[in-house]
Amino acid sequence: MTDSDEIQIVEKDDPAPHQTACSTDSSQYETLYGNNFPRDTDFQKLVWEIEMAIATGVSPELSAKGTSGCYFVKDRDAKIIGVFKPKDEEPYGKLNPKWTKWMHKLCCPCCFGRSCLVPNQGYLSEAGASLVDRKLQLNIVPNTKVVKLASDTFNYSAIDRAKSRTKHSIMTKVPAVGKKFHRLGLPPKTGSFQLFVNGYKDADFWLRKFDSEDLPVSTATKLQHLFERLVVLDYIIRNTDRGNDNWLIKYEPATSTPKGDSEEGEWSLVQNPDISVAAIDNGLAFPYKHPDEWRAYPYHWAWLPQAKVPFSDEIKELVLPQLSDMNFVQDLCDDLYELFKTDKGFDKRTFAKQMGVMRGQILNLTQALKDNKSPVQLVQMPVVTVERTKEGRVRTDSDQYTQSFSHRAPFFSWC
């Protein structure tokens, strides 16, 4: 989800009364649907700006790509500042506006969905990936949180739209009665909201460019380090959908720019250009078991030449001390628990299995880093699940964990 425009929030000349408070006070950006992020006032401000934009007629725009309801949300100047994915419009959600997955479910029920994932939990997976990214200070996932938004451009049922029209009609004709309604408009939708990144292209685009001409050593080294951060993130959350089209690279030459207006125009590599990576589309992660039926869902980055290079000291110093600490790992599980339990269909047993898979991934990753393995050697390690004997929020010195290995391989191991 990229664009060349710069993300910014422009304050209006006629601010609302609650805008007069200090800029660090989140109360000045009180939202309509209870989106409250007191520890992240910048994010709170963005969500507030989106709600104001929708209220003034700047509606979210449905993306033509993908197989679910994915909306570009804008500020009051109609600049895209984020991507919103409602829970009930996910690929197999009941209100998915695109029929591709509906046909998949109807015509091929035996291959319906991904059996290792909790259905319609993609919005939590998106937010969970951002949480893991921040906890480990990887800084490659655009800030993502669960929010509630309402807009006429979202896909609502006919009943919800009829209710909204009826309430507005009553409010117009009989204001005394209309004032008693709890809500007049369409109901807000819960989903993931991810900040929009600018100037990025699909990793596949730049990787093909880099194949034809070598990068400067310093830039290639930085790309390798950023790639390793992507590997760490994907492996820990067991991302089942990481292709080269859903992680992004931003390449910024320091002294020269591409020639021509088209993407395929002439370009040049210069000394010490800046390069960045963004990991988007993290909605198919956090499985409750390792893939063991039809498909293996491999990490497609494992076929890249960068995956054959042993993990660097930089990534080891960044994550190994934390991943080796069981208290840190349990803190991570606790934070994910606070996030996942907000879902109406939350099940403690299923969540415990999800954390068992994640702990096993962390165990393998920790060992691979200590043994100086490469990413491709990491994904070749036997998958393991580490379950806590007694799941709960209270920790004791007697906490015990049980390891188990998966011996069942998917039917199609290459896809």
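Atoms considered below: every heavy atom in the structure, side chains included; atoms not considered: hydrogens, waters and symmetry mates.
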Check your understanding: Okay, side chain of E126, backbone of N282: is any donor-acceptor separation there less than 3.5 Å?
Key -> yes

Exercise for review: Taking the six-membered ring for Trp and the full ring for Phe, Tyr or His, determine whether the centres of F351 and F340 are under 6.0 Å apart.
Suggested key: yes

Review point. Tell me, do L131 and L332 make a side-chain contact under 4.5 Å, heavy atoms counted?
Key: yes

Review point. Does the pair D331/K135 count as a salt bridge with the N-to-O cut at 4.0 Å?
Key: no

Review point. Does the side chain of F193 come within less than 4.5 Å of I50's, by heavy atoms?
Key: yes

Exercise for review: Hey, could you give me the CZ/OG distance between R238 and S125, rounded to the nearest 0.5 Å?
Suggested key: 12.0 Å

Check your understanding: Between atom CG of L248 and atom CG of N198, what is the distance when rounded to the nearest 0.5 Å?
Key -> 11.0 Å

Point to revise | Q361 side-chain N/O to Y235 backbone N/O, donor-acceptor pair under 3.5 Å | key: yes

Review point. Quick one: are the ring centres of Y337 and F346 less than 6.0 Å apart?
Key: yes

Practice item. Verify the distance criterion only: is there a donor paired with an acceptor across the side chains of D234 and N239 at less than 3.5 Å? Key: yes

Exercise for review: Determine yes or no for a side-chain-to-main-chain donor-acceptor pair under 3.5 angstrom, with H290 supplying the side chain and V384 the backbone.
Suggested key: yes

Revision key, fill the gap. Rounded to the nearest 0.5 angstrom, the CG-OH distance for L149 and Y71 is 11.5 Å

Check your understanding: Do R229 and E314 meet the salt-bridge criterion of a basic N to acidic O distance under 4.0 Å?
Key -> yes

Contacts table for residues 372-380: side-chain donor-acceptor under 3.5 angstrom, sequence neighbours left out:
residue	atom	partner	partner atom	Å
N372	OD1	K316	NZ	2.9
S374	OG	Q377	N	3.3
S374	OG	Q377	OE1	3.4
Q377	OE1	S374	N	2.9

Review point. Are D343 and K87 close enough, and set up right, to give a salt bridge (Lys or Arg N to Asp or Glu O under 4.0 Å), and what steps lead you there?
Key: CA-CA 10 Å; D343 186 77; K87 169 184 169 63; 3.2 Å; yes

Check your understanding: Between N155 and L95, which heavy-atom pair has the shortest distance, and what is it?
Key -> ND2-O, 2.7 Å

Exercise for review: For the pair I236 and F286, evaluate side-chain contact (heavy atoms from CB on, under 4.5 Å) and give the outcome as yes or no after the intermediate values.
Suggested key: CA-CA 9 Å; I236 289 177; F286 297 100; over 6 Å; no

Check your understanding: Does the side chain of Q44 come under 3.5 Å of the side chain of E49 through a donor N or O and an acceptor N or O?
Key -> no

**Study point:** Residues R161, D152: salt bridge by 4.0 Å N-O rule
**Key:** yes

Review point. Going by the angle between their ring planes, with limits at 30° and 60°, are F227 and W247 parallel, tilted or perpendicular?
Key: tilted

Point to revise | Side-chain (S312) to main-chain (H225) donor-acceptor, under 3.5 angstrom | key: no

Practice item. Quick one: list whatever passes ring-ring contact (aromatic ring centres under 6.0 Å, His included) with F84, sequence neighbours left out. Key: F154

Revision key, fill the gap. Looking only at heavy atoms, the pair that brings P187 and Y156 closest together is O-OH, 2.6 Å

Check your understanding: How about V83 and V73: do any of their side-chain heavy atoms sit closer than 4.5 Å?
Key -> no

Practice item. Let me see the working for Y251 and S276 under side-chain contact (heavy atoms from CB on, under 4.5 Å), right down to the final yes or no. Key: CA-CA 7 Å; Y251 176 80; S276 305; over 6 Å; no

Review point. Between the main-chain N or O of T67 and the side-chain N or O of N96, is there a donor-acceptor pair closer than 3.5 Å?
Key: yes

**Study point:** Lys/Arg-Asp/Glu bridge criterion (N-O < 4.0 Å) met for E90, K85
**Key:** no

Point to revise | Heavy-atom closest pair, residues I275 and L226 | key: O-CD1, 3.6 Å

Review point. With side chains defined as the heavy atoms from C-beta onward, is the minimum distance between L117 and Q121 less than 4.5 Å?
Key: no

**Study point:** Salt bridge present between E252 and K250 (N-O < 4.0 angstrom)
**Key:** yes

Practice item. Walk me through it: do Q330 and R359 pass the test side-chain contact (heavy atoms from CB on, under 4.5 Å)? Key: CA-CA 9 Å; Q330 190 56 46; R359 289 193 194 97; 3.4 Å; yes

Check your understanding: Going from CH2 on W303 to CG on N244, what distance comes out if it is rounded to the nearest 0.5 angstrom?
Key -> 10.5 Å

Check your understanding: Passes side-chain contact (heavy atoms from CB on, under 4.5 Å), L124 versus V118? Steps please.
Key -> CA-CA 10 Å; L124 291 178; V118 181; over 6 Å; no

Exercise for review: State, to 0.1 Å, how close V146 and F37 come at their nearest heavy-atom pair, and which atoms those are.
Suggested key: O-CZ, 3.5 Å

Point to revise | Backbone of G66 reached by a side-chain donor or acceptor of S68 within 3.5 Å | key: no

Review point. Thinking salt bridges, do K94 and D88 make one under a 4.0 Å N-O criterion?
Key: no

Exercise for review: Quick one: closest heavy-atom pair of P142 and I280, and the distance?
Suggested key: CG-CG2, 4.1 Å

Exercise for review: Report yes if some heavy atom in the side chain of Q322 is under 4.5 Å from a heavy atom in the side chain of L136; otherwise report no.
Suggested key: yes

Review point. Does any N or O in the side chain of D77 come within less than 3.5 Å of the main-chain N or O of K79, such that one atom is a donor and the other an acceptor?
Key: no

Point to revise | Nearest-0.5 Å distance, OG1 of residue T240 to CG of residue L284 | key: 4.5 Å

Practice item. Heavy atoms only: give me the nearest V386-L363 pair and the separation to one decimal. Key: CG2-CD2, 4.0 Å

Revision key, fill the gap. The single option from K145, K148, E51 that satisfies side-chain hydrogen bond (donor to acceptor under 3.5 Å, both in side chains) with N35 is E51

Point to revise | Check: N246 main-chain N/O paired with D281 side-chain donor or acceptor under 3.5 Å | key: no

Review point. Taking atom OH of Y123 and atom CD of E89, what is their separation to the nearest 0.5 Å?
Key: 14.0 Å

Point to revise | Side chains of P86 and T190 in contact at under 4.5 Å (non-hydrogen atoms) | key: no

Check your understanding: Do R349 and Y288 meet the cation-pi criteria used here (NZ or CZ under 6.0 Å from the six-membered ring centre, within 45° of the axis)?
Key -> no

Check your understanding: For L215, does its backbone N or O pair with a side-chain atom of T219 as donor and acceptor, under 3.5 Å?
Key -> no

Check your understanding: So do E61 and T153 actually touch side chain to side chain, heavy atoms under 4.5 Å?
Key -> no

Check your understanding: Around K222, counting heavy atoms of other residues, nucleotides and ligands shown, do more than 12 lie under 6.0 Å from its NZ?
Key -> yes

Review point. Mind checking what makes side-chain hydrogen bond (donor to acceptor under 3.5 Å, both in side chains) contact with T342, not counting sequence neighbours?
Key: none

Exercise for review: Run the numbers on N139 and R134 for side chain to side chain donor-acceptor pair (under 3.5 Å), then give the verdict.
Suggested key: CA-CA 6 Å; N139 299 323; R134 291 196 161 204; over 6 Å; no

Exercise for review: Without swapping roles, check the side chain of T366 against the backbone of I362 for a donor-acceptor pair under 3.5 Å.
Suggested key: yes

Review point. Would you say M358 and K353 make side-chain contact, with heavy atoms under 4.5 Å?
Key: no

